[in-house]
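The shown structure was predicted, so the numbers you read here are calculated from the model rather than taken from an experiment. In what follows, every heavy atom counts, from backbone to side chain, and hydrogens, waters and symmetry copies are set aside.
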Amino acid sequence: MGQETTDLDRFREQTREWLQENCPEAMRDGKADDANICWGGKTWEFQSEDQKTWLHRCAAKGFTVPTWPTAYGGAGLDRAREKILREEMARIGARPPLLSFGIWMLGPALLQFGTEDQKQHYLPPIARGEIRWCQGYSEPGAGSDLASLQTRCEDRGDHWLVNGQKIWTSYADKADWIFALVRTDRDAPKHKGISFVLIDMRTKGVSTRPIKLISGVSPFCETFFDDVVVPKHQVVGDVNRGWDVAKYLLTHEREMISASGQGAGGGRSLGAILSDDSGGLTDACLRAAALRCEVDALAIGLTLERYKDMARTTGVGDASAMLKYVGTELNKQRHELLMAAGGSDALIWDGPHGSRPADWLRTKANSIEGGTSEVMLSIVSRRVLGLPA
Amino acid sequence: MTGLLRTEEETMLADAARGFLDDVAPVSHLRGLRDAGQTHDPALWADMAAMGWAGILVPESAGGSDMGHAAAGVLAGEMGKTLVTSPFLSSAVIAATALRQVAGRNDALSAIADGTRTYALALDEGNKFTPGSVDCAARRDGNGFRLTGTKKFVVDGGFSDRLLILARTDEGPTLFDLPADRAGTKRQPNAMVDSRDAATIVFDGVEATGDDVLGGLGQGLDILRPALQAGQAALAAEMTGLASGAFGMTVDYLKERKQFGAPIGSFQALQHRAAHLWCEIEVTASAIAHAGRMLDADPENATLAVSLAKARATRTATDAVIEGVQMHGGIGMTDAFDMGFYMKRARVASEWLGDYGYHAETVARLRGF
Ligand SMILES: Cc1cc2nc3c(=O)[nH]c(=O)nc-3n(C[C@H](O)[C@H](O)[C@H](O)COP(=O)(O)OP(=O)(O)OC[C@H]3O[C@@H](n4cnc5c(N)ncnc54)[C@H](O)[C@@H]3O)c2cc1C
């Protein structure tokens with residue numbers, strides 16, 4: 001214990017020094033919204049030279065994916081050290097160097113289910129921000145009932161042939177590759193005929209059409225597969241067992257979405273922000289609602305920490321649905337309060353990025369994307385509580 | 001600071017406590033006491049003391065096990081699950097924490113640890129928790145003092161051996177440690193809704209010496225603060241145990257009760273409410289664990305953690321019992337069924353040591369509202 005404490009202290013010190021030397025001044029404003037964040041990928045245009053430097057330095061150090069093994073581009077940090085890194089970054093308001101679906105979703109799934117070849121081939125470019133991934137799960141007829149998906153994937157001997165349509169594919173128009181759920185056995189029970197495939201978006205027959213959101217941005221698309229040829233080795237996990245991979249990945253996605261509201265406000269409490277906005281938070285109803293939200297935010301933040309520790313020991317399993325549910329509902333509430341405190345000032349539309357009304361509208365998707373709140377509650381009631389179907 | 005997961009030691013403590021309490025103090029034990037017109041079972045407390053529970057916050061030099069606040073929370077949580085009535089919070093948590101702030105109180109602490117002496121905290125005067133406002137006066141009289149005033153909601157004060165009393169002196173609020181039967185002390189036990197003890201106590205010129213002062217004159221609130229926080233954290237843990245106890249009964253009933261030819265737990269309206277409650281209990285459990293860890297690691301800065309825990313626990317326990325009764329239908333309203341006991345205890349525990357509003361305000365103050 002004593003030795004470990006000293007080691008951790010030393011790691012904190014080294015990390016602090018490294019950040020001090022390597023994090024560009026301009027990357028210390030704590031901003032993590034769409035307009036200021038690096039998503040990487042082949043077509044990525046850096047928003048500034050500093051953004052590029054910051055990404056490259058972090059990637060070289062393994063800090064874009066601190067917990068991944070060093071062999072795949074990570075820093076191999078354990079939970080305690082990863083937390084220290086996060087704390088030290090938060091202390092100076094460092095922006096995350098890179099956000100991506102590759103980091104949150106595909107990476108963990110590959111680490112768990114991928115072959116050694118797949119890990120070596122796909123993981124390092126994710127860590128370096130060179131390849132950007134999107135997620136092809138939902139279809140027009142398969143939303144909450146995801147396992148009813150119909151995109152067809154046929155075995156053509158030396159390759160797979162994919163035909164069908166995905167929808168709500170976030171950033172499909174900007175992504176280099178897609179990880180998709182496809183049906184490889186039409187006769188099996190619906191969960192047992194699904195496979196998890198990786199497809200290069202430049203393959204002939206892949207096309208996308210953007211859809212505009214109520215928040216004004218157009219981050220997601222319809223994605224079409226028209227006789228798309230996919231090499232055999234691009235299936236992750238066993239054929240027809242893609243549902244296992246999909247579910248594993250969803251738990252990571254849900255954790256990520258549940259945490260998305262946590263950093264908001266640059267560490268300031270909701271009360272402090274609202275007090276400034278509304279001249280002291282004198283409205284009794286607003287104050288009571290904000291206080292309740294603050295109490296919940298603190299407790300939910302602690303719960304995220306507790307569950308991260310649990311994930312590394314006993315595992316979390318279906319209980320991750322709880323994190324997704326409470327985290328996203330809280331975030332929606334938070335933004336309702338920000339709008340209320342802002343009054344008419346908050347109604348002024350200054351574009352779809354980083355403005356208060358745009359953020360407010362965007363949070364409404366939090367309890368839909370990655371599985372709706374109702375679906376989360378059903379997962380908890382069936383699989384955690386064991387209530388009958 | 002250790003993380004929020006239970007340590008192996010804490011898990012063993014919880015398992016041992018559960019085994020013991022299921023044996024000797026299921027809810028039927030509380031019911032039995034109530035039916036017999038009693039509020040507390042001295043034999044049960046003696047057994048708990050023999051297991052080291054009464055000394056869980058008493059230093060080893062005074063014969064305690066000194067396992068800390070997180071461990072005390074583990075025990076309180078297990079007691080909450082089956083509504084165990086005992087002077088654990090009053091004596092083992094609040095009084096022990098107060099007494100150990102002051103040098104030279106080893107005898108009192110030993111007597112708490114071995115269960116031979118119980119304490120109650122005589123603090124409240126109005127009908128809400130406002131620890132800073134004290135009317136009860138200790139006036140100079142020769143070398144000593146005379147206490148005059150009335151204390152309300154003195155939990156376990158109807159039977160405790162001693163009282164910690166906060167009274168005003170010229171130097172400011174001061175804590176007195178007196179035997180509960182000192183001349184001029186009139187104890188009136190009240191019939192509380194949760195069938196446990198809480199007394200109204202009138203002090204009519206009660207004599208106190210300088211030795212009876214705990215700590216210095218005017219230092220009452222300083223000594224009391226850590227003790228109150230310890231009590232609030234443990235009570236929050238009890239309430240969260242209570243919530244999961246009530247919730248466990250509710251989920252069992254959802255699986256067992258049939259209507260419309262199906263278990264009622266197959267109806268989504270009830271499933272989602274149950275799932276929501278489970279989420280609430282999980283989130284609150286994190287705040288409870290955090291409060292225990294903060295009190296052990298950094299007590300000077302534990303105020304936010306403790307108030308967060310009590311605020312969340314109050315809401316969660318209230319939700320759990322309201323939903324518990326509703327989802328049981330008619331049977332939930334009957335005295336023969338246990339859910340009512342949970343509802344009653346949740347209400348009393350909500351008020352004791354500060355309600356939701358009190359603790360939410362503390363959060364507000366510390367979070368820049
Ligand atoms: C901003 C955004 C980004 C997204 N990004 C992606 C992406 O990158 N990739 C991807 O594959 N998908 C993505 N999605 C899709 C998302 O996962 C789906 O929208 C979601 O799973 C819900 O499916 P649906 O829209 O078909 O709604 P439906 O399933 O039709 O649901 C409609 C309503 O019915 C409720 N409902 C449905 N079934 C039940 C039930 N059994 N019990 C109770 N209530 C029920 C739902 O909770 C909801 O309120 C994104 C969505 C949004 C909003």
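Of the two parts of B:Leu304, only the side chain, counted from C-beta on, holds a non-hydrogen atom closer than 4.5 Å to a non-hydrogen atom of chain A. Contact annotation for A:Val295: both backbone and side-chain heavy atoms come within less than 4.5 Å of a heavy atom of chain B. Interface residue A:Ala290: backbone and side-chain heavy atoms are both found under 4.5 Å from chain B. For a residue to count as touching a neighbouring chain, one of its non-hydrogen atoms must lie under 4.5 Å from one of that chain's; by this rule A:Arg382 touches chain B with the side chain only. Heavy-atom distances place both the backbone and the side chain of A:Glu374 under 4.5 Å from chain B. For chain B, the nearby part of A:Ala389 is the backbone; its heavy atoms alone come within less than 4.5 Å.
You'll find the side chain of B:Arg315 reaches within 4.5 Å of the side chain of A:Arg292, heavy atoms only. Using a 4.5 Å heavy-atom threshold, the side chains of B:Leu5 and A:Thr314 count as separate. For the pair A:Leu291/B:Glu361, a side-chain contact is recorded, criterion being any heavy-atom separation below 4.5 Å from C-beta on. The shortest distance between side-chain heavy atoms of A:Leu302 and B:Leu308 falls below 4.5 Å. Residues B:Arg312 and A:Asp296 have side chains in contact (heavy-atom distance under 4.5 Å, counting atoms from C-beta outward). Within the 4.5 Å cutoff, no side-chain heavy atoms of A:Val384 are placed close to those of B:Glu282.
Closest of all the heavy-atom pairs between A:Ser381 and B:Ala275 is N-CB, 4.0 Å. In plain terms, the two heavy atoms of B:Gln268 and A:Ser378 that are nearest each other are NE2-OG, 3.5 Å. Considering all non-hydrogen atoms of both residues, B:Ser286 and A:Arg306 come closest at OG-NE, 2.9 Å.
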task: Begin from the C-alpha positions of B:Val283 and A:Met322 and carry the test side chain to side chain contact (heavy atoms under 4.5 Å, CB included) through to its verdict.
output: CA-CA 9 Å; B:Val283 169; A:Met322 178 271 291; 4.3 Å; yes

query: Could you go step by step and tell me if B:Gln271 and A:Leu377 meet the side chain to side chain contact (heavy atoms under 4.5 Å, CB included) rule?
result: CA-CA 8 Å; B:Gln271 288 184 341; A:Leu377 289 173; over 6 Å; no

message: One pair to check against side chain to side chain contact (heavy atoms under 4.5 Å, CB included): B:His290 and A:Leu298. What are the steps and the verdict?
response: CA-CA 11 Å; B:His290 180 60; A:Leu298 290 168; over 6 Å; no

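Taking 4.5 Å as the heavy-atom cut-off, the residues of residues 258-267 of chain B that approach chain A are B:Pro263, B:Gly265, B:Ser266, ordered by number.
Remark: A:Lys190 NZ is packed, more than 12 non-hydrogen atoms of other residues, nucleotides or ligands lying under 6.0 Å away. Residue B:Glu9 qualifies as open at atom CD: its count of foreign heavy atoms under 6.0 Å is 12 or below. Within a 6.0 Å sphere centred on CD of B:Gln326, other residues, nucleotides and ligands contribute 12 heavy atoms or fewer.
The distance from atom NE2 of B:His276 to atom CE of A:Met376, rounded to the nearest 0.5 Å, is 16.0 Å.
For the set A:Asp309, A:Leu385, A:Val326, the count of heavy-atom pairs under 4.5 angstrom toward chain B peaks at A:Leu385. Ranked by heavy-atom pairs shorter than 4.5 Å toward chain A, the options B:Ala311, B:Gly368, B:Ala309 are led by B:Gly368.
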